[in-house]
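Values in this document were obtained by computation on a predicted structure and should not be read as measured data. Protein chains get the first letters and strands the later ones, always in sequence-line order, with residue 1 at the start of each.
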Amino acid sequence: MSKKANKKPRIGTERMTLLDYIIFAVLLVLALMILIPFWNVIMISFATQKEYADNPFLMFPKQWTLDSYKALFADGTILSGYKNTIILLVIGLPLSLFLTTSMAYGLSRNKFPFKKIIFFLVLFTMIFNGGIVPLYLIMKSLHLTGTLWSVILAGSFSAFNMILMMNYFYTLPESLMESARLDGAGEWRILFSVVLPLATPIMATITLFYGVAYWNSWYDAMIFLRKADQLPLQNVLRNIIVTSTTNASNASSVDAAQASNFSMGMKMAAVFVTMVPIMCFFPMLQKHFAKGVLTGAIKT
Amino acid sequence: MKPAAEGPSKKLKGNVKGNSLWTEIWKHRMTYTLLIPGLVWLILFAYMPMGGLSLAFKDYKANLGIWGSPWSGFENFKYVFRDPTFIDAVWRTLYINILKLIIQFPFPIILALLLNELRMRKGKKLFQTVLTFPHFLSWIIVSGVVINVLAYDGLVNSALGLLGLPTINFLGSESNFVPMLLLTDIWKSSGWGAIIFLAAISGIDQDQYESAQIDGASRMQQMFKITLPNILPTITIMFILSVGGLMSSGFDQIFNLANAATKNVSEVLDVYIYRITFQSSTDFSFSTAVSLFRSLVNMALLLLADRFAKWLGGDGLFR
């Protein structure tokens, strides 16, 4: 990227003009509109209830405390939520990647009978689906409701991700696979030892997409799961922030007095704890997805 | 059957006799094994539920299951269109989504243009990271942040107080609910939306800019005369896709931002479907009829928008 910019000095070498400063200022304001709310949330989770009550416009607490976190973890539901979400990821992510990659590679191969029909079958699921009731009944008849498998299987394949991946595979030179084939490698072998090592950007992108989808999934869990201790993190978080806003008695096992004392701090601690992994992984994977989406996106 | 019939297959030597389709299939047997896992998933969790939509034309009996329940024709649809809360939900959904389509749609484009014109490489990356970040959070997390920031005694209101301005009840008022939906959605998703347009911009031939500079075009002129026209096909595709979602979307956002005070204005079609399916009643046939209606309207809108784009001379989604 930087080499290209040196060759063609359209942007970057000229002096900053008034227009550049205006653009920078606008973007800075927009970025602050995103950063300040998150910063505020994090700071409230470390502040005492009194300080928050005095000044909700809290950018740096004078008195730091972990009381909100203590109360949150004493409640315990957040830990079981974490456990369930990690199970979803550990089983779901490899399964999703397997289903998506094998099919994307298969469909990116040269012509073979029924290829168009199969591709259309995938594409069609993007614009039309059976909706929640038939899916629920099918999960039920497969005896999957009430288990984490229902949440895993409902989200383990996305046509959008597959098409993104397929478009990336199309950009790889066919001669590579042809020579592997002449050496006697089968299609599966070619996928794992020739295609995948060349596909880091798209693999990182798709891993991020599925990972985030599993991390954020809650609707399927709300419908398919029955017991509170099976619920993934997002559902637990929802119970803490949304439900307790309207129904204060929902603070469950935590000492009622303490719950009301720390309700705001505790809620914000729960929000922070739920988004920390995304905050950590997102910037690492972000550099890949520009490239992955760029090569894969919207071209048919 | 068709693709094989139209393409005269390159026959393998020594395999002159026999059906050429079968030869072709046999030749590609390894490729088919690649497709099997995905196809099994599609059949089980995409196409069986589509078959399950037949429930809309049945009288569902739990003990008989989807396939065994007796047919009832259009009985369910008659009830659906007589339900005033359904009609309300449809209009509310259309109202909210059309507003979103008009007001929200330009933001990612403007953001992409701004990011593209920014002359600091490092700053560009940093801004991009910050602006796309909220997209990757669930609406549950975002609603937590929003509830904190916009609460009656929250950050924004205390800032307004410091400036001596009147405080606003952002989340607990019916009249503010729809503006809040727009605002929070713009806040959450514009940055990510901009990525697609940035990708399109990066594909523009640099020579066009160079010759425009030689002709003395200003940066503003280049933006309006080169960048925008070049990303118009992408804009069209994104617009078609948005039109195809006019009857749905927004469940996560609305379900998590709504509260007791906004109950009367927050029941969009998806929330209505959820309520009649899993909360107030469990008439599965009735709610399947509603979701079938929703899916069909969405699909019709998508195809219509696509036709319209082609009629205007654009690219469209399907060819």
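For chain B, the nearby part of A:M59 is the side chain; its heavy atoms alone come within less than 4.5 Å. A:F128 touches chain B through backbone and side chain together, each having a heavy atom under 4.5 Å away. Only the side chain of A:V212 comes within less than 4.5 Å of a heavy atom in chain B; its backbone stays farther off. Residue contact with chain B, scored on non-hydrogen atoms closer than 4.5 Å, is absent for A:F272. The parts of B:V145 that come within reach of chain A are both its backbone and its side chain, each placing non-hydrogen atoms under 4.5 angstrom from that chain. Within the 4.5 angstrom heavy-atom criterion, only side-chain atoms of B:I66, from C-beta onward, approach chain A. Residue contact with chain B, scored on non-hydrogen atoms closer than 4.5 Å, involves the side chain of A:M139 exclusively. Proximity to chain A involves both the backbone and the side chain of B:N256, based on heavy atoms less than 4.5 angstrom apart. Contacts between B:S190 and chain A at a heavy-atom distance below 4.5 Å are absent for every atom of the residue. Heavy-atom distances place the side chain of B:F251, and not its backbone, under 4.5 Å from chain A. Contact of A:A154 with chain B is made through the backbone alone, with heavy-atom distances under 4.5 Å. For a residue to count as touching a neighbouring chain, one of its non-hydrogen atoms must lie under 4.5 Å from one of that chain's; by this rule B:W41 touches chain A with the side chain only. For chain B, the nearby part of A:T17 is the side chain; its heavy atoms alone come within less than 4.5 Å. Using a 4.5 Å cut-off between heavy atoms, B:L55 contacts chain A through its side chain alone, with no backbone atom that close.
Of the listed residues A:V271, A:I138, A:L142, the one with more heavy-atom pairs under 4.5 angstrom with chain B than any other is A:I138. Heavy-atom pairs under 4.5 Å with chain A peak, among B:N148, B:L35, B:L53, at B:N148. For the set A:I34, A:N40, A:T274, the count of heavy-atom pairs under 4.5 angstrom toward chain B peaks at A:I34. Comparing A:L121, A:L191, A:L28, A:L19 by how many heavy-atom pairs each has under 4.5 Å with chain B, the most go to A:L121. Residue with the most contacts toward chain B among A:V41, A:L27, A:L99, A:L135: A:L27 (heavy-atom pairs, distance under 4.5 Å). Across A:L153, A:L107, A:V122, A:L30, the residue that shares the most heavy-atom pairs under 4.5 angstrom with chain B is A:L153. Between chain A and the residues B:L111, B:V130, B:N157, the largest count of heavy-atom pairs under 4.5 Å involves B:V130. In terms of heavy-atom pairs under 4.5 angstrom with chain B, the leader among A:I22, A:I44, A:L137, A:I36 is A:L137. Among B:V149, B:L42, B:L34, the residue making the largest number of heavy-atom pairs under 4.5 Å with chain A is B:L34. Note on B:L39, B:L292, B:T277, B:D252: by heavy-atom pairs under 4.5 Å with chain A, the leading option is B:D252. With chain A as the partner, the residue from B:G161, B:P134, B:A46, B:S291 showing the most heavy-atom pairs under 4.5 Å is B:P134.
Listed by chain and residue number, B:F284 satisfy the ring-ring contact (aromatic ring centres under 6.0 Å, His included) test with B:Y60 (two or more places apart in sequence, or in another chain).
A:N161 and A:T100 form no side-chain donor-acceptor contact under 3.5 Å, judged by distance and modelled atom types alone. A donor-acceptor pair shorter than 3.5 Å cannot be found between the side chains of B:S138 and A:W218.
Listed by first and then second residue, the salt bridge (Lys or Arg N to Asp or Glu O under 4.0 Å) pairs involving residues 119-135 of chain A amount to none (not counting sequence neighbours).
Taking the six-membered ring wherever Trp is involved, the centroid distance between the rings of A:Y105 and A:F192 does not fall below 6.0 Å. For B:F133 and A:F38, the distance between ring centers is under 6.0 angstrom. The ring of A:F112 has its center closer than 6.0 angstrom to the ring center of B:Y32. In this structure, the ring of B:F136 has its center less than 6.0 angstrom from the ring center of B:W192.
Remark: side-chain polar atoms of A:N216 are not paired, donor with acceptor, to backbone N or O of A:Q234 under 3.5 angstrom. Of the possible polar contacts, none joining the B:T234 side chain to the B:A200 backbone as a donor-acceptor pair under 3.5 Å is found.
Between A:Y136 and A:F224, the angle of the ring planes stays under 30°, which puts this pair in the parallel group of the 30/60° scheme.
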So B:V142 and B:W187, side chain to side chain contact (heavy atoms under 4.5 Å, CB included) or not? Walk me through it.
-> CA-CA 10 Å; B:V142 171; B:W187 183 84; 4.0 Å; yes
Would you sort out whether A:F282 and A:M275 count as a side chain to side chain contact (heavy atoms under 4.5 Å, CB included), showing the intermediate values?
-> CA-CA 10 Å; A:F282 169 71; A:M275 70 182 191; over 6 Å; no
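Using a 4.0 Å cut-off between charged side-chain N and carboxylate O, B:R219 and A:D20 make a salt bridge.
To the nearest 0.5 Å, atom CD1 of residue A:I223 and atom CZ of residue B:F278 are 4.0 Å apart.
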